[in-house]
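Here's the structure, in structure tokens; my notes come after.
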Amino acid sequence: MDAPQSWEKRAETYSLYGFTDLPSVAERGTVVVTHGEGPYIVDTNGRRYLDANSGLWNMVAGFDHRGLIDAAKAQYERFPGYHAFFGRMSDQTVMLSEKLVEVSPFARGKVFYTNSGSEANDTMVKMLWFLHRAEGKPERRKILTRWNAYHGVTAVSASMTGKPYNEVFGLPLPGFIHLTCPHFWRYGEPGETEAEFVARLGRELEDVIAREGADTIAGFFAEPVMGAGGVIPPAKGYFQTVQPILKRHGIPLIADEVITGFGRTGSTWGCQTYDFTPDAIISSKNLTAGFFPMGAVILGPELSDRMDAAIAAIEEFPHGFTASGHPVGCAIALKAIDVVMNEGLAQRVIDGAPRMEAGLRAIMQRHANIGELRGIGYMWALEAVRDRETKQPFEASLSVSERIANASTDEGLICRPLGQSIVLCPPFILTDAQMDEMFEKLDRALTRVFAEVG
Ligand SMILES: *Cc1c(COP(=O)(O)O)cnc(C)c1O
């Protein structure tokens, strides 16, 4: 009989990998994970890794939170699945919508559920198309986003995403327009101040609206802090500059808070951290602390009213996913919101953020090849450069950030390479000792890689 195949071999034979650097896998194999303990994951070889990326930003309460597991179990016992079509929905769905509006920055509003962040963005675009048509403006269909934005992977949300890799799909679709990324360190011109940079981005937005015609634009989507674009907080005053322009042209501003929602930046919402009120919020990831796939569109008062009127005219909004508002997902989300907001997790981000920044600042000081440290709350990036003065990047062929991530994995630390940056967005439950462990492991990984390529 053949020897039993390894987990790695089985994974590689039957699974098609997404967003994976295949040369790294060919060289290093697949990490097959069996379970987690607090902020750690454990693989089939019994190796433990501190996951400084909270899974994919979402496992903010760690990988074995008892309260969340119990909430899921209890709801599975009670009512394990239902939809939200035909005027029926579960009691958990009713309660979650109420809760989401209560914790939103809106005085009132309405919620629609999806299974993911991509679908929530997709749904929001369909809502805008539906709404503008119903209001007699069917030509208002173009969507404005920014380069380096990440809004998901469905055909529409990938078109909103401002990443070159979508060219392999022939995306973006027509009518998706990308504006300059508000990253001053990288895109500021020589001699330009941050205020001048933001003013330039404001003029660009005005110019694009003038060129395309305001009456052809359906909405503007923005992450308060760009996540998968490399953790990019907006240049100072960015939202205060773009929002009045959008308002003047009747273009709704949608905050994609899939990462920044529920505490990641030190406030419940990223828009609160950056002091603006959008017309709608997209939520997912932390919404269930990663314990269930779920996304939500949260409409503010004006869009709720306009949607209500548009729907009333045809007596139905013909949209929804089979598992929209799934009772188990809703029960978990209710518990996750309670855990994050009322059991001290959000507070831990507020208390721990200065320590996190100081630790990473100290690492930057020890490594001349770190060009920028940027972030807020519990989302940070260190950008590797050949030369800190000139900001000259490393040659792409060196795959520096991949190497750092791989060296970190060898140290028992999971962190993510994004462009030339390394991203750290740990679970909110991280203790001070675990934070120090993260710093020490990262420091060793950086020392090793910069010795090789520096
Ligand atoms: C992850 C992410 C999405 C997509 O969410 P999925 O659940 O992966 O579809 C959308 N927007 C932002 C800001 C994200 O970080």
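Each ligand, and each atom within it, is numbered from 1 in the order the structure gives.
- A distance of 6.0 Å or more separates the ring centres of His65 and Phe63.
- Heavy-atom proximity to atom 13 (C) of ligand 1, evaluated over Phe221, Tyr150, Trp57, is greatest for Tyr150.
- With ligand atoms numbered from 1 in the order given, ligand 1 contributes 4 (C), 5 (O), 6 (P), 9 (O) to contacts under 4.0 Å with heavy atoms of Ser118.
- With a heavy-atom cut-off of 4.0 Å, Glu223 touches ligand 1 through its side chain alone.
- For ligand 1, the atoms lying closer than 4.0 Å to a non-hydrogen atom of Asn121 are 10 (C), 11 (N).
- Taking the six-membered ring wherever Trp is involved, the centroid distance between the rings of Phe317 and Phe112 falls below 6.0 Å.
- The shortest N or O to N or O distance between Lys285 and ligand 1 is below 3.5 Å.
- Lys110 and Asp308 are joined by a salt bridge, as a carboxylate oxygen and a charged side-chain nitrogen come within less than 4.0 angstrom of each other.
- Atoms of ligand 1 lying under 4.0 Å from any heavy atom of Ile259, numbered from 1 in the order shown and given with element: 15 (O).
- You'll find the ring centres of Tyr187 and Phe184 outside the 6.0 Å limit.
- Considering backbone and side-chain atoms together, Glu119 places no N or O closer than 3.5 Å to any N or O of ligand 1.
- Annotation: cation-pi geometry not satisfied between Arg264 and Tyr378 (NZ/CZ under 6.0 angstrom from ring centroid, within 45° of ring axis).
- Each of Gln434, Met59, Met356 was compared with Pro426 under the side chain to side chain contact (heavy atoms under 4.5 Å, CB included) criterion, and only Met356 meets it.
- No more than 12 heavy-atom neighbours from other residues, nucleotides or ligands sit within 6.0 angstrom of NZ on Lys236.
- Counting the atoms of ligand 1 from 1 in the order shown, those under 4.0 Å from a heavy atom of Asp256 are 10 (C), 11 (N), 12 (C), 13 (C).
- Heavy-atom contacts of Gly117 reach the following atoms of ligand 1: 4 (C), 5 (O), 6 (P), 7 (O), 9 (O) (cutoff under 4.0 Å).
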